[in-house]
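As structure tokens, the structure follows; a few thoughts come after it.
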Amino acid sequence: MVINLRSDTQTLPTEEMLEAMRNASLGDDVLGEDPTVNKLEKLSAEMLGKEAALLVASGTMGNLCALMSHTHPGDEVILEAESHTYYYEVGGFSALAGLSPRFVQGEHGIMSVDKIKEAIRPGDIHFPHPTLLCIENTHNRGGGTVYPVTLMDEIAQFAHKQGLKVHIDGARIFNASVALGVSVTELVKSADSVMFCLSKGLSAPIGSILAGDKGFVEKARKVRKMVGGGMRQAGIIAAAGIVALEKMVDRLSEDHAYARYIAEELIKVGGLNIDLETVQTNMVYCDTSPLKISADQFANLLKEQGLLVSAVSTDQIRLVTSRHITDKEAGEVIATIKRVIENVL
Ligand SMILES: *Cc1c(COP(=O)(O)O)cnc(C)c1O
């Protein structure tokens with residue numbers, strides 16, 4: 001049995017999703033005529049407390065459409081230094097949106113108001129014009145860390161006062177919501193736009209949602225078409241997305257409990273550095289340097305034992321829990337890692 005903790009993107013659609021896809025009413029979504037897509041977009045907007053929403057092919061496309069809709073080429077976008085948009089989206093913000101980045105160093109990905117104040121510079125002939133601030137919640141490379149609501153609101157309020165728009169890369173915003181026990185609406189209320197993924201812990205096979213006010217979504221719809229993201233009978237995808245939103249949100253707390261459990265047990269095993277404070281949602285980052293081997297080497301040793309994890313830097317591996325992990329797998333994960341560590345030491 002292979003256990004896959006590389007990412008929650010690896011989740012497979014549920015039987016109910018496959019059934020819904022088979023039975024979905026379809027039309028041409030480029031013309032706005034796919035009833036299932038329209039239903040998903042309406043449901044998403046309601047759950048986020050935004051006026052409108054747009055189905056996109058991926059989180060990367062959702063962020064790109066947001067960036068291109070909020071800004072003009074040559075503008076400055078303010079990003080956290082380890083943000084997904086900077087780190088993992090092929091530089092689309094510069095290559096396609098024509099934006100100049102300015103980085104804010106977060107604490108485990110979480111930016112402070114003070115650091116953002118330093119980053120947003122006053123007008124000057126030499127500087128690009130800052131027009132957008134991006135916030136990642138949960139923060140992937142920060143460890144799946146969560147922004148408290150008050151901090152989100154304070155940051156957004158300050159950015160707005162400076163004339164910037166605020167976009168949330170909320171690929172895992174439902175994980176943040178479940179972890180905080182706060183509705184997603186409350187979490188994103190101060191942002192101008194938000195993207196979240198249907199295809200991660202929510203288990204849909206494809207798709208992300210971008211939401212905001214009507215004017216913004218109208219622009220983003222046009223940008224989506226421009227970047228080749230206009231899809232025809234996309235109700236096939238949307239049908240699974242509806243099941244994801246209706247059935248798969250509340251259970252995310254199970255993923256969080258397993259991440260916490262695995263982290264606590266691995267700390268008992270010893271040999272890896274794990275910062276329990278960052279284990280707030282469905283991720284566990286482990287530093288392999290006490291073992292004096294690289295993250296890649298450690299990941300390969302685990303792979304030989306049937307456990308797949310991601311090496312995300314020279315000394316960090318990442319374990320991500322999802323609905324495919326239950327008591328049996330969690331026990332197996334701990335036993336496998338313990339065995340490999342004992343062999344290395
Ligand atoms: C996964 C992820 C994305 C992008 O999603 P894709 O569907 O893989 O393009 C964006 N932001 C964050 C924080 C992510 O974790």
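Start at 1 and go down the list; that is how both ligands and their atoms are numbered.
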Thr288 (side chain) donor-acceptor with Ile293 (main chain) under 3.5 angstrom: yes
Per-atom contacts of ligand 1 with Glu136, taking only distances under 4.0 Å to non-hydrogen atoms: 13 (C)
Proximity flag Lys200 to ligand 1, non-hydrogen atoms under 4.0 Å: yes
Heavy-atom donor-acceptor pair, Gln305 side chain to Val340 backbone, under 3.5 Å: no
Close side-chain approach of Val77 and Arg102, heavy atoms under 4.5 Å: no
Identity and separation of the nearest protein heavy atom to atom 10 (C) of ligand 1: His84 ND1, 3.2 Å
Short N or O distance, Met61 and ligand 1, threshold 3.5 Å exclusive: no
Ligand 1 to Asp169 polar contact by distance, N or O atoms, under 3.5 Å: yes
Exam field: side chain Arg323 to backbone Arg251, donor-acceptor pair closer than 3.5 Å: no
Part of Ser58 within contact of ligand 1 (heavy atoms, under 4.0 Å): both
Subset of ligand 1 atoms that lie under 4.0 Å from at least one heavy atom of Glu89: 10 (C), 11 (N)
Residue portion contacting ligand 1 (non-hydrogen atoms closer than 4.0 Å) for Ser83: neither
Distance under 6.0 Å and angle within 45° of ring axis: Arg172 vs Phe196: no
Asn38 versus Gly32, closest heavy-atom pair with distance: ND2-O, 3.1 Å
Minimum heavy-atom distance between Tyr285 and Asn140, given as atom pair plus value: OH-O, 2.8 Å
Atoms in ligand 1 with a heavy atom of Cys197 nearer than 4.0 Å: 5 (O)
Per-atom contacts, ligand 1 versus Asn140 - under 4.0 Å to a heavy atom: 15 (O)
Nearest-contact summary for atom 9 (O) of ligand 1 - protein heavy atom, Å: Thr60 OG1, 2.6 Å
Test item: side-chain donor near acceptor, Asp296 and Ser294, under 3.5 Å: no
Side chain proximity check, Asp28 to Asp34, heavy atoms < 4.5 angstrom: no
Nitrogen or oxygen atoms of Arg172 and ligand 1 under 3.5 Å apart: yes
Part of Asn63 with heavy atoms under 4.0 Å of ligand 1, whether side chain, backbone, both or neither: side chain
Per-atom contacts, ligand 1 versus Gly59 - under 4.0 Å to a heavy atom: 4 (C), 5 (O), 6 (P), 7 (O), 9 (O)
